[in-house]
**Q** 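Sending over a structure as structure tokens; questions will come in a sec.
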Number of protein chains: 2
Amino acid sequence: MPSNQVKLIDIARKLDVSVGLVSIVLSGKSKERRISNELTKKVIETAKELGYMPNQLARGLRTGKSGILGLLVADIANPFFGTMARYIENEAAKLGYQVLFGSSDENPEKLEDLINVFISRQVDGMIIVPVNKSENYLSSLQKQSIPFVFIDRYCSGFDAHAVVSDNYDGAYQLTSLLIDKGYKKIANLVYNIQLSNIIDRINGYTSALENAGLNDPDEDLVFKVGFDQLDARLDTVLKQITEKGCDSIFFANNNLGIQSLKFIDTYGLSIPKDIGIVSFDNPEAFHVVKPGITCFEQPIELMCKQAITVLQEKILGKKEIEPALISLPGKLIMRESC
Amino acid sequence: MPSNQVKLIDIARKLDVSVGLVSIVLSGKSKERRISNELTKKVIETAKELGYMPNQLARGLRTGKSGILGLLVADIANPFFGTMARYIENEAAKLGYQVLFGSSDENPEKLEDLINVFISRQVDGMIIVPVNKSENYLSSLQKQSIPFVFIDRYCSGFDAHAVVSDNYDGAYQLTSLLIDKGYKKIANLVYNIQLSNIIDRINGYTSALENAGLNDPDEDLVFKVGFDQLDARLDTVLKQITEKGCDSIFFANNNLGIQSLKFIDTYGLSIPKDIGIVSFDNPEAFHVVKPGITCFEQPIELMCKQAITVLQEKILGKKEIEPALISLPGKLIMRESC
DNA sequence: ATCAATTGCTCAAACGTTTGAGTAATAAAA
DNA sequence: TTTTATTACTCAAACGTTTGAGCAATTGAT
């Protein structure tokens, strides 16, 4: 099934030159391959005239570079990952890459399938948001030569490049803020999955409590809720939190924050008087809601820039840059929820 | 630069059979090509053993099908398009496609560039959110044989397949609701770009006013604001609206609604008493904010399903399905903002 | 015993590029 | 005038698949 698009040979025939010459000209190698200016001009002209566009499949097959990057997020519909995708798109475009995306839904099998698809498609590199229970597969991935960078979370158990925001610091700042405002019994609502970012946020929270002498070893105020059955469990967990007498809550991410706000609204508790609120991430809703939610905004754009930079270096294979965890500072957004 | 991935020839050599045979087996054509069960099993086995993954570039080059769909939205960071991307991803995956995406930022040149890139990459089909001033290029696109479907908006001036939500109806319902609640002077805030969905929403709004005898031909209450310089202009336009004595506003989409809410909050106007609010789209923020914003939710999932269905039909080229505008009903979400 | 049909495989071209190697013609140097 | 360099091209293999055509061996029909 040959395509009906204009190809090199069409240009070659029209000018009565070889296909190779046309290829050389159109890939900008006229100088180094000593093609005359005259012919070069003619080729470029008729290429434009005929509307030639290179077949990237053929080109990729020959050169071994597809010009495609794979982006694997948890869920592209989540605005956090959506804006991440946008920045990745921008940065990738600057380097001449297009991006193929996939959503893992925090499911390791899906992640594996998608990465395999990416490999099949000969992506030049991948940006991966790793999920729980995917360490084995990902470590096997690393043994192959396909370049990738983790983003948002890192993978413990093996060394790989990762770009994350400073989750520990963010959690520490948010928790400390609550403490400074006089809150004494601070709950932390997180997902019940083992992700580096969640864990770091719990640690930041705990450290802040300890530093303030507020950590009660007998009473664990870290509440975990399932990733999928969010709505169902959230209501009961929030009730637990209030029944335990907590005077404030630190939400570990945008979803937890937003969904919880819906319920809290129905409890007749007023923010920040009855209950103080802080959250990781800065979705629109936190800005629009009254009172505005104090939160920690992740440096998504910077993360993406760094991720692409590292990835590009790995792809070009310049120096063997050694695996490192790049942790970037975020921004505390002060509003009225505490 | 030959890849170091396992390829057909590696399997062939190991079993001392031809490359063609391996290809036949692994593409599931053993039966029709009469390959013995015995060999079939062996091939599949060693393929798995060696971790074979087909090179989709080579396959695509040979077959003329890349297995990739192009998705061109206005901005993937916008949750509306983000969830659209997600549903497209899901539906595409069911048919064995991956999706390459791009954001046009409502810019016709970017749109053109991105579509050209998609074509260069030999996408099997495209799902396009058309933008203002892109009609010429898009109509030229249609003359080529590359299948595409418009989504969210259609393109006037030529016939092409498009899947949109019933924008007229949604606007009519929202406006009528305001009228029923007793609001008399209803402003409509829209983007100042010529997009079919915006236009249809304005028409729905106007019809509702006319039907209620509220349309004052001497006073145009449709306020237009630029797409890019949103923040700057929005404040002044909103002040205009209140100064003109409007008692309610119909926002034409999620962005306009959300951004406006931030300003309205500072004017000391109480919703819905001083000013009634309704909006197109149903972002999280409309649910969380107090009072909740009554709005019209678009059937994004359904739109995506239909778009992919139509696209697949065009790709397979079954029957020459004739261009049609598919308009899908949305859902009125009643909350407390009017 | 002969011819036809079926089974089970191999061959090699083709998809559209890129690129190292080769070549013919002209110019410069000896 | 011969040799060397330079210029401006062409050639053809290769990237990893797929697939129509071909072929040898076996089976079935006559």
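All values reported here derive from a predicted model rather than from experimental measurement. Residue numbers start from 1 in every chain, and the chains themselves are labelled A, B, ... in the order their sequence lines are given, proteins ahead of strands.
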**Q** Does CD1 in A:Ile193 sit with more than 12 non-hydrogen atoms of other residues, nucleotides or ligands closer than 6.0 Å?
**A**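 It does: A:Ile193 CD1 has more than 12 such atoms within range.
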
**Q** Are there more than 12 heavy atoms of other residues, nucleotides or ligands under 6.0 Å from atom CD of A:Glu38?
**A**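 Not more than 12 within 6.0 Å, no.
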
**Q** What is the distance from CG of A:Leu61 to C1' of C:dC15, rounded to the nearest Å?
**A**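 Roughly 9 Å, once rounded to whole Å.
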
**Q** Nearest to the side chain of B:Val17 - C:dG16, D:dT10, C:dT10?
**A**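 Closest nucleotide among those given: C:dT10.
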
**Q** Under the side chain to side chain contact (heavy atoms under 4.5 Å, CB included) criterion, do A:Ser134 and A:Glu112 qualify, and how do the steps go?
**A** CA-CA 8 Å; A:Ser134 64; A:Glu112 195 168 327; over 6 Å; no

**Q** Can you tell me how far C1' of C:dT17 sits from CD1 of A:Ile11, to the nearest Å?
**A**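 Going from CD1 in A:Ile11 over to C1' in C:dT17 covers 12 Å.
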
**Q** Are side-chain heavy atoms of A:Leu100 and A:Phe118 found at a separation under 4.5 Å?
**A**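 Yes, at least one pair of side-chain atoms sits under 4.5 Å.
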
**Q** Would you mind reading off the distance between A:Ile9 atom CD1 and D:dC11 atom P, rounded to a whole angstrom?
**A**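 Distance check: A:Ile9 CD1 to D:dC11 P gives 12 Å.
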
**Q** Cation over ring, B:Lys305 on B:Tyr87, under 6.0 Å and within 45°?
**A**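 No, B:Lys305 does not sit over the ring of B:Tyr87.
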
**Q** Below 4.0 angstrom, N of the basic side chain to O of the carboxylate: do B:Lys42 and B:Glu45 qualify?
**A**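 Salt bridge between B:Lys42 and B:Glu45, a charged N being under 4.0 Å from a carboxylate O: no.
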
**Q** What is the distance from CD of B:Glu32 to P of C:dG8, rounded to the nearest Å?
**A**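 After rounding, the gap between these two atoms is 15 Å.
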
**Q** Estimate the overall bend of the helix from C:dT2-D:dA29 to C:dA30-D:dT1 from the end axes over five pairs each, rounded to 10 degrees.
**A**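 End axes: 60° apart.
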
**Q** Starting from P on D:dC15, measure out to CG on B:Leu8 and report it in whole angstrom.
**A**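 B:Leu8 atom CG is separated from D:dC15 atom P by 13 Å.
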
**Q** Rounded to the Å, how far apart are A:Glu38 CD and D:dA8 C1'?
**A**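 Atom-to-atom, A:Glu38 to D:dA8, this comes out as 11 Å.
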
**Q** Base contacts versus sugar-phosphate-only contacts with protein, heavy atoms under 4.0 Å: please encode nucleotides 19-24 of chain D as B, S and - from 5' to 3'.
**A** BBB---

**Q** Distance check needed: C:dT18 C1' versus A:Ile35 CD1, whole Å only.
**A**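 Distance, rounded to whole Å: 13 Å.
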
**Q** Should the heavy atoms of other residues, nucleotides or ligands under 6.0 Å from CD1 of B:Ile9 be counted, would the total exceed 12?
**A**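 Not buried by this count: 12 neighbours or fewer within 6.0 Å.
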
**Q** So, B:Lys94 and B:Glu91, do they make that salt bridge, N to O below 4.0 Å?
**A**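 Salt bridge flag = yes for B:Glu91 with B:Lys94.
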
**Q** Counting only heavy atoms from other residues, nucleotides and ligands, does the tally under 6.0 Å from CG of B:Asn136 exceed 12?
**A**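 It does not: B:Asn136 CG has 12 such atoms or fewer within range.
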
**Q** Rounded to whole angstroms, how far apart are NZ on B:Lys7 and P on D:dG16?
**A**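 From B:Lys7 NZ to D:dG16 P: 3 Å.
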
**Q** Of the nucleotides C:dT17, D:dT17, C:dT10, which has the atom closest to the B:Ser18 side chain?
**A**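 For the B:Ser18 side chain, the nearest candidate turns out to be C:dT10.
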
